[in-house]
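Quantities reported herein were computed from a predicted structural model and do not represent experimental measurements. One-based numbering along the sequence shown.
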Amino acid sequence: MHRPHRLSPAPFAPERRRWLAASALAAGLPAWAPRATAQPAQSLLTRPIPASGEALPVVGLGSWITFNVGNDPVARDACAEVVRAFFSEGGRLIDSSPMYGSSQPVIGHALAKLGHPATLFSAEKVWMGDSARGVGQMAASRAHWGVPRFDLMQVHNLLAWEEHLPKLQAMKAAGQLRYVGISTSEGRRHAELERILRTQAIDFVQLTYNLLDREVEQRLLPLAQERRIAVIVNRPFRQGVLLDQLRGHPLPGWAREIGCDGWAQVALKFVVSHPAVTCAIPATSQVAHLRQNMGAARGRLPDPTLRARMARDVAAL
């Protein structure tokens with residue numbers, strides 16, 4: 001049976017201990033919150049999955065639109081280079097869906113070229129109104145990825161969740177999945193999502209959260225934290241619209257204070273500094289952008305005071 005990876009604490013010099021303690025304080029996380037864990041130099045900040053304690057880097061990789069490149073061999077190889085850079089930077093979680101066109105076989109092409117990295121955390125979705133056909137859809141997804149099982153299976157956009165969740169829980173109990181979750185996007189169906197979080201035994205929820213779309217701060221993120229449900233954040237850039245809006249504006253001085261060299265890192269650090277968030281999944285088709293995104297999982301995170309200022313300043317632009 002595959003067991004969750006756990007990080008063993010390494011011995012630190014006193015100076016290193018003091019630096020880590022100061023970093024945790026600067027992040028502004030309450031004592032009961034899952035803390036982003038600083039690893040040795042150049043590795044990524046992580047958060048534990050509440051259900052198991054398994055550590056995930058706070059920045060993952062989405063595939064909506066960017067990996068939907070069909071059978072174009074040049075474009076598929078370009079996506080494979082993005083995935084190669086993702087793993088070389090220390091990334092783990094890749095997310096996809098049957099809804100995302102050719103993204104699944106493109107991910108499978110990349111994983112095959114890389115020899116199927118052992119550190120992969122595969123996050124997929126079932127997207128089928130007829131739950132009886134969901135098992136076949138998930139098997140097709142596994143074949144596209146070339147994996148024996150998925151780490152996480154999510155019910156996509158709440159479609160037929162009442163029928164899918166019991167089947168996913170049975171698959172988890174049989175060792176065919178490691179985690180069960182549910183997803184939504186673009187701020188839709190929050191009332192129903194809240195009901196699911198309150199009543200269902202799930203390990204993950206995926207939702208939209210960014211500097212401009214902050215409704216989930218009021219109820220859903222605190223509820224996920226209370227229920228010990230991991231949170232994956234989609235659309236951290238509003239599908240690029242947020243970065244387009246910010247492009248051309250100079251970075252504020254506070255951006256440098258938290259180690260950001262561009263607006264993408266500002267947007268991601270805002271998202272992953274919320275104590276309920278486990279991982280954000282920006283999507284990109286460019287290696288340079290991937291490396292910038294992964295930089296948001298290093299260094300200092302903004303504290304609550306700076307988070308409030310970030311939101312105010314961006315809303316004013």
For E194 and R198, what are the C-alpha separation, side-chain angles and deciding distance, and is it a salt bridge (charged side-chain N to carboxylate O under 4.0 Å, His left out)?
CA-CA 6 Å; E194 180 177 350; R198 289 191 183 280; 3.1 Å; yes
Please determine whether side chain to side chain contact (heavy atoms under 4.5 Å, CB included) holds for the pair V59 and C279, giving the CA-CA distance in whole Å, both sets of side-chain angles, and the decisive distance to 0.1 Å.
CA-CA 5 Å; V59 176; C279 179; 5.9 Å; no
Counting C-beta onward and ignoring hydrogens, is there a side-chain heavy-atom pair between [X] and [Y] closer than 4.5 Å?
| X | Y | result |
| --- | --- | --- |
| P302 | M310 | yes |
| V231 | V216 | no |
| Q286 | V82 | no |
| V271 | L211 | no |
| R178 | E54 | yes |
| H274 | P304 | no |
| M128 | H156 | no |

Verify same cluster id: [X], [Y] (apolar side-chain graph, 4.5 Å):
| X | Y | result |
| --- | --- | --- |
| L158 | M99 | no |
| L165 | L159 | no |
| I65 | L61 | no |
| Y100 | L152 | no |

Nearest-0.5 Å distance that lies between atom [atom1] in [X] and atom [atom2] in [Y]:
| X | Y | atom1 | atom2 | result |
| --- | --- | --- | --- | --- |
| L268 | M294 | CG | CE | 10.0 Å |
| F121 | I94 | CZ | CD1 | 11.5 Å |
| F87 | L120 | CZ | CG | 4.5 Å |
| D213 | N210 | CG | CG | 4.0 Å |
| S183 | M153 | OG | CE | 11.0 Å |
| D77 | R84 | CG | CZ | 9.5 Å |

If every non-hydrogen atom of [X] is compared with every non-hydrogen atom of [Y], which pair is closest and at what distance?
| X | Y | value |
| --- | --- | --- |
| H109 | A80 | CD2-CB, 4.3 Å |
| L114 | V83 | CD1-CG1, 3.7 Å |
| P57 | L44 | CB-CD1, 3.7 Å |
| A255 | V266 | CB-CG2, 3.9 Å |
| V180 | L168 | CG2-O, 3.6 Å |
| V106 | C79 | CG1-CB, 3.6 Å |

For F67 and R76, what are the C-alpha separation, side-chain angles and deciding distance, and is it a side chain to side chain contact (heavy atoms under 4.5 Å, CB included)?
CA-CA 8 Å; F67 280 15; R76 285 163 68 96; over 6 Å; no
Backbone N/O of [Y] and side chain of [X]: donor-acceptor pair under 3.5 Å:
| X | Y | answer |
| --- | --- | --- |
| R149 | Q176 | no |
| S103 | W64 | no |
| R307 | F270 | yes |
| E124 | M138 | no |
| R92 | A55 | yes |
| K269 | R300 | yes |
| R298 | L45 | no |
| S273 | L301 | no |
| R47 | A276 | no |
| H190 | E215 | no |

So, [X] and [Y]: side-chain donor and acceptor under 3.5 Å apart, yes or no?
| X | Y | value |
| --- | --- | --- |
| N234 | T208 | yes |
| D95 | Q206 | yes |
| S102 | N68 | yes |
| E192 | W161 | yes |

Please determine which of I182, V126, I232, T184 meets the side chain to side chain contact (heavy atoms under 4.5 Å, CB included) test together with Q154.
I232
Identified side chain to side chain contact (heavy atoms under 4.5 Å, CB included) partner of Y209 from the options V272, L220, V233:
V233
Evaluation steps, side chain to side chain contact (heavy atoms under 4.5 Å, CB included), between W263 and L317:
CA-CA 13 Å; W263 282 111; L317 293 178; 4.0 Å; yes
Considering residues at least two apart in sequence or located in another chain, which fulfil the side chain to side chain contact (heavy atoms under 4.5 Å, CB included) criterion with E186?
R188, R235
With ring-ring contact (aromatic ring centres under 6.0 Å, His included) as the criterion, how do W145 and F150 come out once you've worked through the C-alpha distance, each side chain's angles and the decisive distance to 0.1 Å?
CA-CA 9 Å; W145 282 63; F150 287 111; 5.4 Å; yes
Kindly give the cluster partners of V241, where membership spreads through any ILVMFWY side chain lying under 4.5 Å from a current member.
none
Apply side chain to side chain contact (heavy atoms under 4.5 Å, CB included) to residues D203 and K172 and explain how you reach the verdict.
CA-CA 11 Å; D203 305 306; K172 176 184 173 182; 2.9 Å; yes
side-chain hydrogen bond (donor to acceptor under 3.5 Å, both in side chains): pairs with one or both residues in residues 126-142, sequence neighbours excluded
Q104-S141
